[in-house]
Amino acid sequence: MVQLRYFASLRETLGVSDEAVALPEAVVTVAGLQRWLQERGAPWRDALADDHLLVAVNQEVSDRQAAVNDGDEIAWFPPVTGG
Amino acid sequence: MVQLRYFASLRETLGVSDEAVALPEAVVTVAGLQRWLQERGAPWRDALADDHLLVAVNQEVSDRQAAVNDGDEIAWFPPVTGG
Amino acid sequence: MISVQAEDFDPGEELERLRSGLAGRAGAVVSFTGLVRDLNQGDAIGRLTLEHYPGMTEKALAGIEAEAMQRWELIDSVIIHRVGPLSPNDRIVFVAAASAHRKAAFRACEFMIDTLKTRAPFWKKEATADGARWLSPADNTLPGQAG
Amino acid sequence: MISVQAEDFDPGEELERLRSGLAGRAGAVVSFTGLVRDLNQGDAIGRLTLEHYPGMTEKALAGIEAEAMQRWELIDSVIIHRVGPLSPNDRIVFVAAASAHRKAAFRACEFMIDTLKTRAPFWKKEATADGARWLSPADNTLPGQAG
């Protein structure tokens with residue numbers, strides 16, 4: 001199982017803030033997870049296609065090639081606007 | 001008459017903080033005033049010979065070529081060390 | 001010291017706490033306070049809501065502070081960021097750096113707020129006459145936003 | 001606002017006064033606080049005395065502030081400098097700049113303290129174990145001095 005989290009406008013678009021999911025064996029990277037989530041159809045397909053979306057694996061911003069492993073917390077969010 | 005003022009280490013070296021003096025007619029610039037004051041002998045001659053000394057005419061830092069006129073306030077002081 | 005909090009903070013108290021701990025070791029304290037700007041002057045609209053990613057936010061701020069402390073040999077530092085609803089002129093963020101030298105304090109303070117703005121997981125949602133909208137990073141340097 | 005004063009000041013009060021007057025027009029307030037550093041830790045010595053040139057000091061500070069206000073389009077600013085006897089860790093100087101943008105506030109605040117250090121007629125005399133001595137500008141960035 002991995003813990004997925006969604007923030008800000010993405011959370012609102014998807015209508016979900018977090019979920020625990022069992023990853024298929026074929027999903028071993030952030031990019032793979034993204035494609036798998038996009039297969040859910042609308043609104044996932046378009047919302048996750050945004051190249052500006054950031055991904056944090058275990059609370060560290062990561063790139064699409066980063067590995068995802070059982071027990072990870074993977075968060076998706078738009079560019080940050082704090083300060 | 002002009003008002004002369006001396007600050008910080010210069011004030012201590014000269015033993016005077018301010019004085020009102022009548023300028024000779026030949027003294028028309030800061031440089032002239034400096035030479036005239038140096039003619040007073042020790043400690044004036046050496047203390048005013050310091051090239052780092054600053055001069056303010058009417059509370060504006062001025063160069064040695066600046067004019068001095070009756071009624072002016074002319075202050076001599078070492079480089080500033082505030083802040 | 002870092003803090004992520006809903007309640008307001010007191011910049012004077014933070015500066016005084018910093019100073020008391022310095023015991024004469026620092027000559028320079030530089031602070032940045034970010035305030036909510038008012039896009040819609042005279043209008044009741046203009047509230048902001050700050051969302052964040054609990055856990056990662058604290059990690060990100062602690063990382064930014066540690067980097068500044070090490071890079072500029074700071075004696076002490078503070079990062080405080082508020083979350084939740086905010087109104088125009090409210091304080092959003094406070095960053096301070098204490099150092100023996102003022103250049104280091106300026107550079108470190110500016111580094112911390114610049115880096116916070118690009119790396120810390122906060123998002124601003126603004127109430128406008130046309131409803132609420134999420135700000136983009138481009139908006140985030142425009143009126144309505146801190147600094 | 002500029003002030004030359006013997007008594008201590010409260011940075012928090014100054015920052016709050018600035019903020020109250022901004023009414024949502026500024027997003028960024030940057031402040032610099034200069035403290036007396038302690039050269040002789042554990043020693044009773046280390047007092048400073050600040051002499052200044054009354055009249056010219058106020059003119060110089062007002063000129064520095066006016067230049068910063070105009071050059072960086074500040075919304076408000078403050079320069080406070082103390083005179084007379086001071087002890088290690090005492091506040092000497094406070095400079096703050098409020099602006100719509102944080103870069104302007106940082107640049108303006110740094111300009112004001114940098115310029116004050118070279119242009120405003122203040123002089124520091126330090127009590128040491130070997131007696132009192134006047135600081136030179138070279139000393140003035142070393143321990144014992146603010147920032």
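Naming: A, B, ... by sequence-line order, numbering from 1 per chain.
- Contacts with chain C (heavy atom to heavy atom, under 4.5 Å) involve these residues of residues 42-68 of chain A, listed by number: A:A56, A:N58, A:Q59, A:E60, A:V61.
- Within the 4.5 angstrom heavy-atom criterion, only backbone atoms of C:R119 (N, CA, C, O) approach chain A.
- Shown here are the side-chain contact (heavy atoms from CB on, under 4.5 Å) partners of A:T29, two or more places apart in sequence or in another chain: A:A31.
- Residues of residues 54-67 of chain C lying under 4.5 angstrom from chain A, judged on non-hydrogen atoms, are C:P54, C:G55, C:M56, C:K59 by number.
- When the ring-ring contact (aromatic ring centres under 6.0 Å, His included) test is applied to A:F7, the partners found at least two apart in sequence or on another chain are C:Y53, C:W123.
- To the nearest 0.5 Å, atoms OG (A:S9) and CZ (C:R133) are separated by 11.5 Å.
- The two residues C:P137 and A:V80 come nearest to each other via the heavy atoms CG-O, 4.0 Å.
- Heavy-atom contacts from other residues, nucleotides or ligands closer than 6.0 Å to CD of A:Q3 number more than 12.
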